[in-house]
Q: 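Structure in structure tokens, see below.
Just follow the structure's listing: the first ligand is 1, and inside any ligand the first atom is 1.
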Amino acid sequence: MPVPTSMSPLTCATLLTTYTEAWEQATVHPFLQQCQEGSITPQQFNTWLVQDYLFVLEFTRMAARLIAAAPDVHLDMLLGGMVALKDELQWFQAKAAERSLDLTVPRQRTCQTYCDVMQSLAGQPYAVQATAFWAIELAYNQGWQRHSRMPAPYDEFADRWGNPGFTEYVHQLARQADSALAAVNGAATAEAESVFLKVAELERDFWQMAFEG
Ligand code: HMH
């Protein structure tokens, strides 16, 4: 059932309690379970690594559009996120080099669909973009955290998105998304809700894509 919008504004917390099942599927997956068990194959892990790099390239452009649409008081947080993405892209390049992986490969279908969805948010109100941005970061924060501790070499990956600083960053993103959602009409609220569900579905599909190698 959709979140009732007439009584109170949509919030990030409400989305999580309304769509627990979809969120569970976005953040609990055999791919992550097998990283935790140490039984994921290099082929599976490397597929994830390369495709996620391609994802983060497009996510960086989504972050830029979010910044362009943001109110003044939200810029500081989002610029911090942008600095983290600069570091993350270089880190992905280093991890790929260690494994002799070619990053100039085509996007797989699920990665392509996810990138298309991120691009399609360009014309949406800031509140919708902010909700999607929070959901995307939360998916990795919770997905990696829920499968910690991981054995080497996966612990480095789990820590990147599961560490307390990143958790705090995701909380701040929720606060900013909530404040934007409090100021929009029903149509934008409905769009934010539908984008949240889309993100949940694509996160599940992305793990599945990597799992299939
Ligand atoms: C697929 N979702 C996916 N990749 C990521 N790196 C994140 C979320 C978080 O940044």
Q: Could you give me the CA-CA distance, side-chain angles and deciding distance for T11 and L181, then say whether side chain to side chain contact (heavy atoms under 4.5 Å, CB included) is met?
A: CA-CA 7 Å; T11 66; L181 286 167; 5.7 Å; no
Q: Tell me which donor-acceptor pairs under 3.5 Å the side chains of residues 60-67 have, and how far apart each pair is, sequence neighbours excluded?
A:
| unit_1 | atom_1 | unit_2 | atom_2 | d |
| --- | --- | --- | --- | --- |
| T60 | OG1 | V56 | O | 2.8 |
| R65 | NH2 | M118 | O | 3.2 |

Q: So that I know where these two stand, are W144 and F31 an aromatic pair - ring centroids less than 6.0 Å apart?
A: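 They do not qualify: ring centres at least 6.0 Å apart.
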Q: Sequence neighbours excluded, which residues qualify as ring-ring contact (aromatic ring centres under 6.0 Å, His included) partners of F157?
A: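 Listed in chain order: F45, W48, W91.
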Q: Sorted by first residue and then second, give each side-chain hydrogen bond (donor to acceptor under 3.5 Å, both in side chains) pair with at least one member in residues 122-139; sequence neighbours left out.
A: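 Those involving residues 122-139 are H74-Y126.
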Q: Less than 3.5 Å apart, any donor N or O on the side chain of T110 or Q208 sitting next to an acceptor on the other?
A: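 The criterion, which ignores hydrogens and geometry beyond distance, is not satisfied for Q208 and T110.
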Q: Mind listing the N or O contacts between ligand 1 and protein, cut-off under 3.5 Å?
A:
| unit_1 | atom_1 | unit_2 | atom_2 | d |
| --- | --- | --- | --- | --- |
| ligand 1 | 2 (N) | E203 | OE1 | 3.3 |
| ligand 1 | 2 (N) | E203 | OE2 | 2.6 |
| ligand 1 | 4 (N) | D52 | OD1 | 2.6 |
| ligand 1 | 4 (N) | D52 | OD2 | 3.4 |
| ligand 1 | 4 (N) | Y140 | OH | 3.3 |
| ligand 1 | 6 (N) | D52 | OD2 | 2.9 |
| ligand 1 | 10 (O) | E137 | OE1 | 2.8 |

